Amino acid sequence: MEILFLGTSAAVPSKEHSTSCLAVRSGSDIILLDCGEGSQRQLMLSPFSFMKIRAVLITHLHGDHVFGLPGLIQTMSLSNRTDPLLVCGPPGTAHALDAMMSVTEGEATYEVEVMEVSGGEEVDVRGVKVRPYATDHGIASVGYVLQDRERPGKLDAEKARSMGVTSGRDMARLKNGEVVNGVRPEDVIGPVIPGYRVAYSGDTRPCESESEAVAGVDVMVHEATYMDSEAAQAADHFHTTARQAGELARDYGARFLILTHISNRYDDRSAVQEEARSVFKESYVADDMELFTLSSAGLRCDGVQSKKNDQSALR
């Protein structure tokens, strides 16, 4: 499972950072989370294809999370898209998208299904389970937990050989569910492994509904608009500090924490990262165009991605 950060700024973009957008890729399928201004240009610079986007999950209707959506929908029409697109968002999303498309005289040449969610639903996107949860941002808002497809259990090759299955071809047949020389797949293959779980907060203050939803996720992608010295301001504006995000990851058993939606007041993002790490060691701050890969080996950052350079390691 791959997580590409296309925009990591808070409400106002900067020369270095675009507004909120990230892409989660499972196999060849992409799910976009939020779609701030400039998102489609970031996608065009990235190695990800916007034509492979199956769903766009909007957390709330503030402009820095949604202004890129009508342009993206229209561009995919101009690129002759025929596959349907699912757009999920909180109550009001259908009206907002209709208004934006109408004002810009935009249209889609393919089916755009809009689903409004409040939390507690489950949506299937080509085998990836999407579970919205309620957040606390002063307006209708949700976060999302994405659970990837199940992975096959591990084949115990040594045990299979001891039972008379020795060729690579026969091992492959076992993996495909066939019985080989009386050896059943369940005799030598472990149980199915649940898919990785990735949570995305959108903008929110810490709240109980979020805590319950994100418990035990593999990766928590969380906003950290402020640092703890501005905790009062964060609360007033329905946001989270880096320290609070670290506490949430620690207290509810996340494996990894990635911080985004960082205010431009913090020129040194490493300070934001260190604040989170003071309470949760596996904390990272994302920059625009950074790709994180989640696998059985853990979480790896493959650095800044572009069509010309998609493997430059920064960490």
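Keep in mind the model is a prediction, meaning the values are calculated, not measured. Only this structure's heavy atoms are used, side chains among them; waters, hydrogens and symmetry mates stay out. Heads up: numbering here begins at 1 and tracks the sequence.
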**OP:** Kindly indicate, with the supporting measurements, whether the criterion side chain to side chain donor-acceptor pair (under 3.5 Å) is fulfilled by Thr293 and Asp302.
**Re:** CA-CA 7 Å; Thr293 301; Asp302 293 318; 3.0 Å; yes
**OP:** Test side-chain contact (heavy atoms from CB on, under 4.5 Å) on Ile258 and Leu299 and set out the steps.
**Re:** CA-CA 10 Å; Ile258 307 176; Leu299 183 69; 4.1 Å; yes
Subject >> Step-by-step side-chain contact (heavy atoms from CB on, under 4.5 Å) determination, Met51 to Met76 >> reply: CA-CA 7 Å; Met51 297 296 276; Met76 290 192 289; 4.2 Å; yes
Original post:
Going through the checks in order, is the side-chain contact (heavy atoms from CB on, under 4.5 Å) test met by Met1 and Val24?
Top reply: CA-CA 7 Å; Met1 205 171 196; Val24 174; 3.6 Å; yes
**OP:** With side-chain contact (heavy atoms from CB on, under 4.5 Å) as the test, would you mind laying out the steps for Phe48 and Leu291 before giving the verdict?
**Re:** CA-CA 11 Å; Phe48 282 22; Leu291 176 68; 4.0 Å; yes
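Relative ring orientation between Tyr226 and His239 is described as tilted, the plane-to-plane angle lying within the 30° to 60° band. Between His137 and His62, the angle of the ring planes goes over 60°, which puts this pair in the perpendicular group of the 30/60° scheme. Ring geometry for Tyr284 versus Phe256: interplanar angle of 30 to 60°, hence tilted.
Side-chain contact check for Leu248 versus Ser211: some heavy-atom pair is nearer than 4.5 Å. Within the 4.5 Å cutoff, the side chain of Leu97 has heavy atoms near those of the Ile73 side chain. Put simply, the side chain of Met115 reaches to within 4.5 Å of the side chain of Leu86, judged on heavy atoms. Here the side chains of Leu32 and Leu72 are in contact, with some heavy-atom distance below 4.5 Å. At least one side-chain heavy atom of Val188 sits under 4.5 Å from a side-chain heavy atom of Leu155. In this structure the side chain of Ser18 never reaches within 4.5 angstrom of the side chain of Leu6, judged on heavy atoms. Leu61 has its side chain within reach of Thr93: a pair of non-hydrogen atoms, C-beta onward, lies under 4.5 Å apart. Counting heavy atoms from C-beta outward, Phe238 and Asp203 have side chains that stay 4.5 Å or more apart.
Between the side chain of Ser102 and the backbone N or O of Ala99 there is no donor-acceptor pair closer than 3.5 Å. Judged purely by atom type and a 3.5 angstrom limit, Glu290 has no side-chain atom pairing as donor or acceptor with the backbone of Cys301. With hydrogens and angles ignored, the 3.5 Å screen pairs a side-chain donor or acceptor of Glu275 with a backbone N or O of Asp228. Of the possible donor and acceptor atoms, none in the side chain of Tyr196 sits under 3.5 Å from a partner among the backbone N and O of Leu146. When atom types are taken as modelled, the side chain of Tyr110 and the backbone of Asn80 share no donor-acceptor pair closer than 3.5 angstrom. Formation of a donor-acceptor pair under 3.5 Å by the Thr240 side chain with backbone atoms of Ala245 is not found in this model. Between the side chain of Arg277 and the backbone N or O of Ser283, at least one donor-acceptor pair lies under 3.5 Å. When atom types are taken as modelled, the side chain of Arg205 and the backbone of Ala235 share a donor-acceptor pair closer than 3.5 angstrom. The main-chain N or O of Ala172 is found under 3.5 Å from a side-chain atom of Asn176 such that the two form a donor-acceptor pair. Using a distance-only test at 3.5 Å, with no hydrogens or angles considered, no donor-acceptor pair links the side chain of Thr241 to the main chain of Ala231.
Shown here for Ser118 and Pro91, the closest heavy-atom pair between the two residues is OG-CG, 3.6 Å. Here the closest non-hydrogen pair linking Asp34 and Gly202 is OD2-CA, 4.5 Å. In terms of heavy atoms, Cys35 sits closest to Ser39 at C-OG, 3.4 Å. Scanning all heavy atoms of the two residues, the minimum distance from Leu257 to Ala249 falls at CB-CB, 4.1 Å. The heavy-atom pair separating Ile3 from Leu22 by the smallest distance is CG2-CD1, 3.7 Å. For the residue pair Ser49 and Ile30, the shortest heavy atom distance occurs at O-CD1, 3.4 Å.
Here Thr225 contributes atom OG1 and His222 contributes atom NE2; the two are 9.5 Å apart, rounded to the nearest 0.5 Å. Summarising the geometry, atom NZ belonging to Lys52 is positioned 5.0 Å from atom OG belonging to Ser28; distances are rounded to the nearest 0.5 Å. To the nearest 0.5 Å, the span separating CG on Asp83 from CD on Glu111 amounts to 11.0 Å. Once rounded to the nearest 0.5 Å, the distance linking CZ of Arg149 with CG of Asp124 reads 8.5 Å. Distance check, rounded to the nearest 0.5 Å: CG of Asp268 to CD of Gln273 gives 10.0 Å. Between Gln74 atom CD and Arg81 atom CZ the span is 14.5 Å, to the nearest 0.5 Å.
Counting only N and O atoms by type, the side chains of Ser26 and Asp29 include no donor and acceptor under 3.5 Å apart. With no hydrogens or angles considered, a side-chain donor-acceptor pair links Thr8 and Asp288 at under 3.5 Å. No hydrogens or angles considered: nothing links the side chains of Ser9 and Ser14 as a donor-acceptor pair under 3.5 Å. Judged purely by distance below 3.5 Å, without hydrogens or angles, the side chains of Thr204 and Glu210 never pair a donor atom with an acceptor atom. Ser20 and Asp64 form no side-chain donor-acceptor contact under 3.5 Å, judged by distance and modelled atom types alone.
Checking Met220, Glu122, Arg197 one by one against Val145, the side chain to side chain contact (heavy atoms under 4.5 Å, CB included) holds for a single residue, Arg197.
A salt bridge is absent between Lys154 and Asp156; no separation between the charged side-chain nitrogens and carboxylate oxygens falls under 4.0 Å.
Qualifying salt bridge (charged side-chain N to carboxylate O under 4.0 Å, His left out) partners for Asp187, counting only residues two or more places apart in sequence or in other chains: Arg184.
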